[in-house]
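Quick notes on the structure that follows.
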Amino acid sequence: HMFVMMNAARLAVGVEGVGIAERAYQGALAYAQERRQGRSVWTGEMNAPIIDHPDVRRMLSVMKAKVAAARAICLSTAVAADLARTTTDADVRRRWKGREDLFVPIAKAWSTDVGCEVASVSLQVHGGMGFIEETGAAQHYRDARIAPIYEGTNGVQAMDLVGRKLSQDGGASAKALIAEMKATCGELKRLYSGKPVERFVNAVEAVEDATLWLLDAKTDPARAADVLAAADAYLKLMGDVVGGWLMAKGALAAKARMETGEGDPAWLQGRMDLYEVYAANVLGHASSRLAAVGQGGALLQRMTPDVLGA
């Protein structure tokens, strides 16, 4: 009964992270179009709006991509929870329940981390004006920062993911998720070529390697410290890659609508471009996340108070 309540509460906090991130992004986007400074490298305009500086455009693009990914993770978690409760077929219901359990700690922790990150980048876009209260940018960061602590800190979410959720069904839910992501890899090849596909393929392989390593480590009680030392990096890796998977599915859906003449072509092209931004700026870090998963508990054990205080 407690976990039914806590799943709902944790998902709600994840949505809080998404909401604050979206508002922080909107504020940064508006400011970047109003604030003028320097020369545009694209148009040559002097005293151009700062959105015409590539680094500012990059920050805004990554902010938008991460907010979209976090929103998709939270919505997918909610869909899984609804289907786990309402589907009549017992086997199907069990599979959706496994997906819900796997996604809840990711939705809560990854989305609230995105809330903090996007609010922080919004301050960067605002520059010094971000610390002037009338802009509201600093308030967004203060509001976002508590969310990784609410309803079990994000470290607790990571421990829950590797300690309970990953192996409660023998790893079946995680393996089913990986199989779905691999299927999307094949579909993605008809939309993109080169790096946007390669980065996703490599990221899914990193999740699979990390998952199998953890499932193996969990069979040996002597490796409990290895599992817990990997928890945070594994949750972040899962969040990055599941977010990328959902962004890729969104890009594929946008392409399908364009081919049938549905919707606004500019908006649909934007969804495809947003996936490429995400692949370049987020999925490319999967290898470093995987390295952190395998750092081992012995290394952290050597980081004694004497070493840390030296």
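- Proximity of a side-chain donor or acceptor of His53 to a complementary backbone N or O of Gln37 within less than 3.5 Å is detected.
- Residues Ile178 and Val201 share a hydrophobic cluster, clusters being chains of Ile/Leu/Val/Met/Phe/Trp/Tyr side chains in contact below 4.5 Å.
- Screening residues 124-136 for salt bridge (Lys or Arg N to Asp or Glu O under 4.0 Å), with sequence neighbours left out, gives Glu133-Arg142.
- In this structure, Lys218 NZ and Arg223 CZ are separated by 11.5 Å, a value rounded to the nearest 0.5 Å.
- Under a 3.5 Å cut-off, the side chain of Asn281 and the backbone N or O of Val62 do not form any donor-acceptor pair.
- A 4.5 Å side-chain heavy-atom check between Pro54 and Val41 finds at least one atom pair inside the cut-off.
- Between the side chains of Ser173 and Asp169, at least one donor N or O sits under 3.5 Å from an acceptor N or O.
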All N/O donor-acceptor pairs, side-chain side in residues 42-50, below 3.5 Å, sequence neighbours left out:
from, atom 1, to, atom 2, distance (Å)
Thr43, OG1, Ser40, OG, 3.2
Thr43, OG1, Glu45, N, 3.2
Glu45, OE2, Arg36, NH1, 3.0

- [ ] Kindly indicate, with the supporting measurements, whether the criterion side chain to side chain contact (heavy atoms under 4.5 Å, CB included) is fulfilled by Leu177 and Trp245.
- [x] CA-CA 10 Å; Leu177 172 64; Trp245 172 53; 3.6 Å; yes
Open item on the list: Pair Thr135, Tyr31 - check side chain to side chain contact (heavy atoms under 4.5 Å, CB included), show working.
Closed with: CA-CA 9 Å; Thr135 67; Tyr31 183 79; 5.5 Å; no
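- Residues Lys175 and Leu212 have side chains in contact (heavy-atom distance under 4.5 Å, counting atoms from C-beta outward).
- When all heavy atoms of Lys64 and Tyr25 are compared, the pair lying nearest together is CD-OH, 3.5 Å.
- For Phe200 against Val241, the heavy-atom pair with the smallest separation is CE1-O, 4.3 Å.
- Interatomic distance, Leu29 CG to Ile51 CD1, rounded to the nearest 0.5 Å: 5.5 Å.
- Atoms OG1 and CE, from Thr184 and Met247 in turn, are 14.0 Å apart once rounded to the nearest 0.5 Å.
- Between atom CG of residue Leu188 and atom CZ of residue Arg199 there is a gap of 12.5 Å, rounded to the nearest 0.5 Å.
- Residues Ala21 and Gly115 share a closest heavy-atom pair of CB-CA, 3.9 Å.
- No chain of hydrophobic side-chain contacts below 4.5 Å, direct or via other Ile, Leu, Val, Met, Phe, Trp or Tyr residues, connects Val104 to Ile73.
- A distance-only check finds a donor-acceptor pair linking the side chain of Ser76 to the backbone of Ala72 [under 3.5 Å].
- Tracing side-chain contacts under 4.5 Å through hydrophobic residues (I, L, V, M, F, W, Y), one reaches Leu215 starting from Leu237; they form part of the same cluster.
- In this structure, the side chains of Val307 and Thr304 come closer than 4.5 Å at one or more pairs of heavy atoms.
- Counting heavy-atom neighbours within 6.0 Å of Met6 CE, excluding the residue itself, gives a total above 12.
- The two atoms that bring Met272 and Tyr192 nearest to each other are O-OH, 2.7 Å, heavy atoms only.
- Hydrophobic clustering, with ILVMFWY side chains joined whenever heavy atoms are under 4.5 angstrom apart, keeps Trp213 apart from Leu228.
- Applying the salt bridge (Lys or Arg N to Asp or Glu O under 4.0 Å) rule to pairs touching residues 278-304 yields Asp240-Arg289, sequence neighbours excluded.
- Through side-chain heavy atoms spaced under 4.5 Å, either directly or across other Ile, Leu, Val, Met, Phe, Trp or Tyr residues, Ile146 is tied to Val13, Ile149, Tyr150.
- The list of salt bridge (Lys or Arg N to Asp or Glu O under 4.0 Å) pairs with a residue in residues 256-277, not counting sequence neighbours, is empty.
- Between Ala251 and Tyr275, the closest heavy-atom pair is CB-CB, 4.0 Å.
- Summarising the local packing, CD of Gln124 is surrounded by 12 or fewer heavy atoms from other residues, nucleotides or ligands at distances under 6.0 Å.
- For the pair Val79 and Arg99, the minimum side-chain heavy-atom distance is 4.5 Å or more.
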TODO: Would you check, one step at a time, whether the test side chain to side chain contact (heavy atoms under 4.5 Å, CB included) holds for Arg164 with Asp101?
DONE: CA-CA 9 Å; Arg164 292 183 67 252; Asp101 287 344; over 6 Å; no
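- For the pair Glu151 (side chain) and Ala8 (backbone), a donor-acceptor distance under 3.5 Å is absent.
- Glu205 is listed as a side-chain neighbour of Asn202, based on a closest heavy-atom distance under 4.5 Å.
- The salt bridge (charged side-chain N to carboxylate O under 4.0 Å, His left out) search around Arg23 returns none, not counting sequence neighbours.
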Open item on the list: Apply side chain to side chain contact (heavy atoms under 4.5 Å, CB included) to residues Arg93 and Leu83 and explain how you reach the verdict.
Closed with: CA-CA 7 Å; Arg93 188 166 64 246; Leu83 291 173; over 6 Å; no
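- Considering OG1 of Thr260 and NZ of Lys255, their distance stands at 11.0 Å, rounded to 0.5 Å.
- Clustering ILVMFWY residues whenever any of their side-chain heavy atoms sit less than 4.5 angstrom apart, transitively, puts Val67 in the very cluster that holds Leu274.
- The shortest side-chain heavy-atom distance between Phe103 and Leu11 does not fall under the 4.5 Å cut-off.
- In this structure a side-chain-to-backbone donor-acceptor pair under 3.5 Å is present from Ser122 to Ala24.
- The environment of NZ in Lys165 is crowded: more than 12 heavy-atom neighbours from other residues, nucleotides or ligands sit within 6.0 Å.
- Side-chain N or O atoms of Ser111 include none that pairs as donor or acceptor with a backbone N or O of Val18 at under 3.5 Å.
- Here the closest heavy-atom approach between residue Val277 and residue Ala65 is recorded as CG1-CB, 4.3 Å.
- Taking OG1 from Thr153 and NZ from Lys108, the interatomic distance works out to 6.5 Å, rounded to the nearest 0.5 Å.
- Counted within 6.0 Å of NZ on Lys97, heavy atoms from surrounding residues, nucleotides or ligands total more than 12; the atom is thus considered enclosed.
- Side chains of Lys236 and Val293 form no contact here, defined as non-hydrogen atoms less than 4.5 Å apart.
- Defined by atom type and a distance below 3.5 Å, a donor-acceptor pair is present between the side-chain atoms of Thr112 and Asn154.
- Contact of the Thr211 side chain with the Glu208 side chain is not registered, since no non-hydrogen atoms from C-beta on lie closer than 4.5 Å.
- Formation of a donor-acceptor pair under 3.5 Å by the Thr86 side chain with backbone atoms of Asp82 is found in this model.
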